[in-house]
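Shown next, in structure tokens, is the structure this report addresses.
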Amino acid sequence: MGTLTSRTQRHDRYSVNAPPIAALPTDEASRTFHILWTSCAMLAMTDPELAAEPLAEGPERLEGRLADLLRQAQTDGALDPQADPSVESVRLLALSHGLGTSVLVGHRTPESAMKVLGYHLERLFCRT
């Protein structure tokens with residue numbers, strides 16, 4: 001039984017870890033993606049037509065997907081039963097977006113951003 005629980009917890013963590021880690025600008029392709037997405041998001045703040053485009057809905061879809069993954073992790077016993085998966089998904093995305101921007105502007109290295117994100121994810125899945 002312990003082995004099954006360990007495999008389930010690793011799967012839950014991997015599923016939740018993947019989107020925020022993928023969003024960090026760690027190479028040229030991901031830097032370009034982050035810059036383009038951030039530019040579109042900034043334009044959408046002043047252009048209602050652009051704000052109505054599917055791109056603007058991307059973070060909401062990702063939030064929902066992460067919340068679903070966190071709920072599953074909670075059901076599987078890998079996440080604290082008192083945690084709020086909807087709030088945690090918002091916090092996780094805000095953290096990864098902020099870290100991504102700090103990498104882009106040179107305040108943080110990609111390795112440092114990964115370390116911070118990893119720290120948060122470990123605490124998220126740590127059960128007392």
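Considering every non-hydrogen atom in both L121 and L92, the closest pair reads CD2-CD1, 3.7 Å. What you find for R31 and V103 is that their closest heavy atoms are NH1-O, 3.9 Å. Residues Q74 and P85 come closest through the heavy atom pair OE1-CG, 3.4 Å. Nearest heavy-atom pair, S89 versus L66, reported as atom, atom and distance to 0.1 Å: CB-CB, 3.7 Å. Contact between A67 and S86 at its shortest, heavy atoms only, is CB-CA, 4.1 Å. The shortest non-hydrogen separation linking P110 to T26 is CB-CG2, 3.9 Å.
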Practice item. Would you please test S39 and L36 for side chain to side chain contact (heavy atoms under 4.5 Å, CB included) and show each step? Key: CA-CA 5 Å; S39 298; L36 288 172; 5.6 Å; no
Exercise for review: Determine, stepwise, if the pair D68 / R65 fulfils salt bridge (charged side-chain N to carboxylate O under 4.0 Å, His left out).
Suggested key: CA-CA 5 Å; D68 289 345; R65 178 68 180 130; 5.0 Å; no
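The backbone N or O of Q82 lies less than 3.5 Å from a partner atom in the side chain of D80, making a donor-acceptor pair.
Hydrophobic clustering places L95 together with M114 (ILVMFWY residues linked when any side-chain heavy atoms are closer than 4.5 Å, directly or through intermediates). Placement of L79 and L62 within a single hydrophobic cluster is found when ILVMFWY residues are connected by side-chain heavy-atom separations under 4.5 Å, directly or transitively.
Atoms CG and CZ, on L70 and F125 in that order, are 5.5 Å from each other to the nearest 0.5 Å. Rounding to the nearest 0.5 Å gives a distance of 10.5 Å between CG of L99 and NE2 of H97. The line from OG of S112 to CG of L117 is 11.0 Å long, rounded to the nearest 0.5 Å. Note that CZ of R71 is 10.0 Å distant from CG of L69, once rounded to the nearest 0.5 Å. Here the OG1-CZ distance, from T38 to F33, works out to 9.0 Å after rounding to the nearest 0.5 Å.
Contact annotation: the side chain of L93 approaches that of S96 to within less than 4.5 Å [non-hydrogen atoms, C-beta and beyond]. Put simply, the side chain of H120 reaches to within 4.5 Å of the side chain of E88, judged on heavy atoms.
For E63, the side-chain hydrogen bond (donor to acceptor under 3.5 Å, both in side chains) test picks out no residue, with sequence neighbours left out.
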